[in-house]
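Accompanying notes for the structure given below.
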Amino acid sequence: MQDLGIQVLFRGNNFLRLLEGMWAALRIALIAMALSVLLGFLFGMLMTIHNRAIQCISRIYLETVRIMPQLVLLFLVYFGAAKHMGVNLSGEMASILVFTFWGTAEMGDLVRSALIAVPTHQYESGAALGMKKWQTYFYIVIPQSVRRLLPSAVSLLTRMIKTTSLVVLIGVVEVVKVGKQIIDASRYTNPKAALWVYGAIFLLYFAVCFPFSKLAAVLERKLAE
Amino acid sequence: MDIHFIKENIPLYVEAAGLTVRIALIGILCAFLVGLFCSMIRYLKVPILKGMVQGYIELSRNTPLLIQLYFLYFGLPKIGILFSSEQCAIIGLAFQGGSYMAEAFRSGLESVSKVQKDTGLSLGMTEKQVLQYVVLPQAISTSVPVFCANVIFLIKETSVFSAVALADLMFVTKDLIGIYYKTDEALWMLVIAYLLLLLPISILSSVLERKVRYAGFGNTSTVSGK
């Protein structure tokens, strides 16, 4: 029988290593997402303040992040920071920073639109009941906006997970890097390794992202009801 | 900042940007066609093909372009399917973008109310005519905002092409940093190059969005650009 080469995935602990690599990528996305949610809420609330200077600055921030490819941001932080601040950022640190920077902007915009969508009488009723400003936000506005926010926040997470594939280009050891190591190690014993390894990585990403995007779709449908 | 160095290397960036634009144009055009094709299949509910299109859309939306490129460029040659870097980039962009475009069209098609279609049919138009003259024009005009967002998204995605050995902006930047250690200059030129590429498109798309809002028919406010 012809050698298919699929064994490369199961030789030694190759598959386990790929999974570990996937987890390294996923961890970056999850940490950055958690930070983005926190900072994004603050940024979103900041954007609802009617102040020209704040709105101008946040607009510029948002548009800059939107218009720059994430890879460019990664390059800027990874190569730029090392030179200017003299800090030797690890690739992982740099990518968490960039993803948080990006996620905060996107999340902030989502929070802003969700906060605006809460009708004014909700704020006013809170005030009429003698609640303080933070109480109105904490007990009335935020719980309502979270429901509205959830679908798009989950799809932002999916986008973030997909974007973690870029971090290999600034030298983070994650699933693609591990895949390359496996391919190089079996260059002579299994010349077809690349096909199977990259195929497996492709499917791994799909396996991680698909449930999230389904979840986002379900949440959106629930919200529409 | 070394102005002389910047001046000397501008042609490199111009060339790289040209490459990005060329591939992006072809790729986005292909993506547009793939998207139109897929959304038509779903709209007309062609059996079997409909399921395949659905599978394709899920697969392409839930995987990163970079991994798709690696698979195309490093994986497929092992079973004798060889693509050049440029072909890979274009195929990758069409594969990734096609599903986004299909979703954009779908949301547009869904926004056209059923009354429009029925009215067309009752006026004696054939199914094809209704699609061509009634449904599609309205659907396309309502999906323009999403479509524009997709174009910008896809141009941004082109930044990963350096991974399949295309001499794009990222590639040139990394080269200059590696050879001359002129990190600042190279990064500045990179940022400015992308700004020059994307800012006009971003502005143009917001103008276009405002323009096509007039082309809407009836209640178009229900369509939200995502």
Side-chain angles (χ1 to χ4, degrees), chain A residues 4-5 25 63-64 66-80 82-84 113 151-152 155 158-159 161-170 175-176 179-180 183 190-214 220, chain B residues 20 57-81 96 149 152-163 168-171 173-174 176-178 181-184 186-188 190-195 197-199 201-203 224 226:
Chain A
L4 280 175
E63 293 299 327
T64 318
R66 283 231 171 117
I67 224 164
M68 275 296 132
Q70 278 84 35
L71 190 56
V72 174
L73 295 176
L74 283 172
F75 266 49
L76 281 181
V77 172
Y78 189 64
F79 294 114
K83 199 174 173 195
H84 282 285
S113 58
S152 24
S155 55
T158 324
R159 267 166 66 202
I161 295 172
K162 281 195 291 180
T163 314
T164 56
S165 63
L166 301 183
V167 301
V168 68
L169 299 177
I170 58 164
V175 62
V176 178
K180 279 183 179 165
I183 292 166
N190 192 339
K192 280 185 186 160
L195 177 72
W196 296 102
V197 170
Y198 286 127
I201 294 172
F202 185 80
L203 291 178
L204 269 179
Y205 263 104
F206 179 72
V208 174
C209 292
F210 184 64
F212 283 117
S213 59
K214 270 275 126 35
E220 197 151 349
Chain B
T20 302
I57 287 176
E58 295 294 357
L59 203 61
S60 123
R61 279 184 76 99
N62 288 307
T63 46
L65 178 61
L66 184 61
I67 309 295
Q68 295 166 3
L69 288 177
Y70 273 133
F71 187 72
L72 280 171
Y73 191 68
F74 298 112
L76 286 184
K78 305 291 172 200
I79 48 171
I81 305 173
Q96 170 99 97
I152 293 174
F153 163 76
L154 287 175
I155 295 177
K156 278 165 66 180
E157 287 284 283
T158 60
S159 61
V160 303
F161 286 166
S162 59
D168 74 340
L169 290 166
M170 303 307 290
F171 190 90
T173 306
K174 217 170 169 181
L176 290 184
I177 294 176
Y181 197 58
K182 297 275 186 194
T183 316
D184 288 343
L187 288 176
W188 270 111
L190 174 70
V191 168
I192 290 168
Y194 268 109
L195 273 182
L197 265 181
L198 287 163
L199 212 54
I201 298 172
S202 166
I203 293 168
S224 58
K226 211 186 327 172

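What's counted below: heavy atoms across the whole structure, side chains too, no hydrogens, waters or symmetry copies. Throughout, a chain's letter reflects where its sequence line sits, starting with A, and its residues are numbered from 1.
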Sorted by first residue and then second, give each salt bridge (Lys or Arg N to Asp or Glu O under 4.0 Å) pair with at least one member in residues 65-76 of chain B; sequence neighbours left out. none
Answer whether the closest heavy-atom distance between the side chains of B/Phe74 and A/Lys180 falls below 4.5 Å. no
pair B/Ile67-A/Val175: side-chain heavy atoms closer than 4.5 Å: no
Under 4.5 Å from any heavy atom of chain B - which part of A/Arg159: neither
Please rank B/Leu198, B/Leu199, B/Ile177, B/Thr173 by heavy-atom pairs under 4.5 Å with chain A and give me the top one. B/Leu198
Does the side chain of B/Leu59 come within less than 4.5 Å of A/Phe206's, by heavy atoms? yes
Minimum heavy-atom distance A/Ser165-B/Leu66, with the two atoms named: O-CD2, 3.0 Å
Shortest non-hydrogen separation from A/Leu169 to B/Lys174 and the atoms involved: O-NZ, 3.3 Å
Note: A/Tyr198 and B/Gly75 closest approach over all heavy atoms is CD1-N, 4.3 Å
Smallest separation among heavy atoms of A/Gly80 and B/Thr183, with atom names: N-CG2, 4.4 Å
Beyond-backbone contact of A/Met68 with B/Leu195, side-chain heavy atoms, under 4.5 angstrom: yes
Would you name the heavy atoms of A/Ala194 and B/Lys78 that are closest together and state the gap between them? CB-CE, 3.6 Å
State which residues pass side-chain hydrogen bond (donor to acceptor under 3.5 Å, both in side chains) with B/Gln68; sequence neighbours excluded, sorted by chain then number. B/Thr63
I want to check something: taking the side chain as every heavy atom from C-beta on, are A/Val176 and B/Tyr70 in contact at a cut-off of under 4.5 Å? yes
